[in-house]
Visitor: 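Sharing a structure with you now.
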Amino acid sequence: MILKEGEKIILFDGVCNLCNSAIQFVIKRDKKNLYKFAALQSDAATALLKERGIDTSKIDSIILIDPNTAYYTKSSAALEIGKTFGGGWRLLGVFEWVPGPVRDWVYDLIAKNRYNWFGKQNECMVPTPELKSKFLD
């Protein structure tokens, strides 16, 4: 997989309604085309997770991969993504002052209940032809 300079990858739960809505939210605000996407259930995500030694049985989370730099999970991933939208979204950076374990406790509470609260699909979202180039597979 070849990424352009500065592009990042967001891995997400492809059957989760909340996660799919979050990805649509990111796509609408990604004016600089910084992000590519892959469902955690995909072959591309499996390869990326394996390369980085990430065990998804221990991390029930969105994962932001900044190639050759780092990866972020849970609330840290969400904050990193939000800060790239520019404008008032940069104010999300103030939440970085909240200790990670506190932020992640809230994140984990939502993640644990996401299917009950927001529902689940039987299969991963299929991107429209216009969005297909933003998805790794």
Side-chain angles (χ1 to χ4, degrees):
M1 130 187 25
I2 299 172
L3 297 175
K4 295 177 187 168
E5 182 69 30
E7 285 185 327
K8 301 171 186 184
I9 303 165
I10 298 175
L11 306 181
F12 66 100
D13 182 347
V15 296
C16 167
N17 288 337
L18 174 62
C19 304
N20 281 308
S21 294
I23 295 305
Q24 293 300 323
F25 182 87
V26 171
I27 289 170
K28 287 180 185 174
R29 286 156 185 80
D30 183 21
K31 304 298 183 204
K32 298 176 186 173
N33 281 326
L34 293 177
Y35 298 109
K36 296 288 185 185
F37 306 91
L40 286 167
Q41 297 83 354
S42 70
D43 292 338
T46 300
L48 289 164
L49 294 167
K50 186 176 180 182
E51 284 174 9
R52 287 156 181 80
I54 302 171
D55 182 355
T56 56
S57 70
K58 296 179 181 166
I59 299 176
D60 191 15
S61 169
I62 189 170
I63 299 169
L64 171 64
I65 298 174
D66 189 348
N68 304 318
T69 304
Y71 69 87
Y72 305 89
T73 62
K74 300 184 182 189
S75 64
S76 295
L79 290 174
E80 287 293 321
I81 293 165
K83 288 189 303 184
T84 65
F85 297 154
W89 291 103
R90 283 184 281 211
L91 294 174
L92 288 172
V94 76
F95 287 107
E96 290 178 327
W97 294 355
V98 175
V102 174
R103 291 191 326 254
D104 287 343
W105 180 84
V106 173
Y107 185 98
D108 288 339
L109 177 68
I110 295 167
K112 179 180 169 188
N113 293 291
R114 70 185 183 270
Y115 295 146
N116 290 333
W117 294 348
F118 301 99
K120 180 178 176 181
Q121 300 173 27
N122 290 328
E123 46 191 59
C124 293
M125 169 183 82
V126 176
T128 63
E130 303 86 52
L131 296 179
K132 192 143 183 75
S133 66
K134 291 187 149 298
F135 288 78
L136 299 180
D137 61 356

Visitor: Treating Ile, Leu, Val, Met, Phe, Trp and Tyr as nodes and any side-chain heavy-atom pair under 4.5 angstrom as an edge, say whether L64 and V106 lie in one connected cluster.
Guide: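 No, it is not one cluster - the side chains of L64 and V106 are not joined through contacts under 4.5 Å.
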Visitor: Same cluster for I63 and L3 if Ile/Leu/Val/Met/Phe/Trp/Tyr side chains link at under 4.5 Å?
Guide: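 Linked, I63 and L3 end up in one cluster.
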Visitor: Between D13 and R114, which heavy-atom pair has the shortest distance, and what is it?
Guide: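 For D13 versus R114, the nearest heavy atoms are OD2-NH2, 2.8 Å.
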Visitor: Would you say the side chain of L109 lies within less than 4.5 Å of the side chain of K112, judging by non-hydrogen atoms?
Guide: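 They are not in contact (no side-chain heavy atoms under 4.5 Å apart), so the answer is no.
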Visitor: As an exercise, state the distance from CZ of F12 to OG of S42, rounded to the nearest 0.5 Å.
Guide: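 Here the rounded value is 8.0 Å.
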Visitor: Is it true that E96 and K83 make a salt bridge, defined as a side-chain N closer than 4.0 Å to a carboxylate O?
Guide: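 Between K83 and E96 there is a salt bridge, with a charged N closer than 4.0 Å to a carboxylate O.
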Visitor: Taking only residues at least two apart or on different chains, which pairs with a member in residues 90-137 satisfy ring pair (Phe, Tyr, Trp, His ring centres under 6.0 Å)?
Guide: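 Non-adjacent pairs meeting ring pair (Phe, Tyr, Trp, His ring centres under 6.0 Å): F37-F135.
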Visitor: What closest approach, in Å, do W89 and G82 show between heavy atoms, and which atom pair accounts for it?
Guide: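 Here W89 and G82 meet closest at CB-O, 3.3 Å.
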Visitor: Are L34 and F85 connected into the same hydrophobic cluster when the rule is that any two of I, L, V, M, F, W, Y join if their side-chain heavy atoms are below 4.5 Å apart?
Guide: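 As far as the 4.5 Å side-chain criterion goes, L34 and F85 are connected within one cluster.
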Visitor: Taking L79 as the starting point, is it possible to reach F25 by hopping between hydrophobic residues whose side chains are less than 4.5 Å apart?
Guide: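 Cluster IDs for F25 and L79 match.
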Visitor: Distance-only, no hydrogens or angles: does the D104 side chain make a donor-acceptor pair with backbone N or O of S75 under 3.5 Å?
Guide: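 Judged by distance alone, yes, a pair lies under 3.5 Å.
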Visitor: Does I10 reach the side chain of K134, with side-chain heavy atoms less than 4.5 Å apart?
Guide: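 They are not in contact (no side-chain heavy atoms under 4.5 Å apart), so the answer is no.
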Visitor: Provide the closest heavy-atom pair for R103 versus V98 in the form atom of the first, atom of the second, distance.
Guide: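 Between these two residues, the closest heavy atoms are NH1-O, 2.9 Å.
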Visitor: To the closest 0.5 Å, what do you measure between CG (N113) and CG (D108)?
Guide: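 So the gap between those two atoms works out to 10.5 Å.
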Visitor: L91: which other cluster members, linking ILVMFWY side chains closer than 4.5 Å, directly or transitively?
Guide: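 Direct or chained contacts put L91 with none.
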Visitor: Do E7 and N33 have side-chain N/O donor and acceptor atoms under 3.5 Å apart?
Guide: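 There is no such pair between these side chains.
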Visitor: Could you check whether any side-chain heavy atom of L136 comes within less than 4.5 Å of a side-chain heavy atom of L48, counting everything from C-beta outward?
Guide: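 A side-chain contact exists here, since the closest heavy-atom pair is under 4.5 Å.
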Visitor: Indicate the atoms forming the closest heavy-atom contact of R52 with P67, along with that distance.
Guide: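 Looks like NH2-CA, 4.5 Å.
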Visitor: Membership question, hydrophobic clusters at under 4.5 Å side-chain separation (ILVMFWY): are L18 and I81 in the same one?
Guide: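 Cluster IDs for I81 and L18 differ.
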Visitor: I need the minimum non-hydrogen distance between S61 and K74, along with the two atoms involved.
Guide: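 Closest approach of S61 to K74: OG-N, 2.5 Å.
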Visitor: Atom SG of C19 and atom NZ of K120: how far apart are they, to the nearest 0.5 Å?
Guide: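 Answer rounded to 0.5 Å: 11.0 Å.
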Visitor: Consider side chain to side chain contact (heavy atoms under 4.5 Å, CB included). Of I27, I23, I9, T84, which one does Y35 pass it with?
Guide: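 Testing Y35 for a side chain to side chain contact (heavy atoms under 4.5 Å, CB included) against I27, I23, I9, T84 leaves exactly one candidate, T84.
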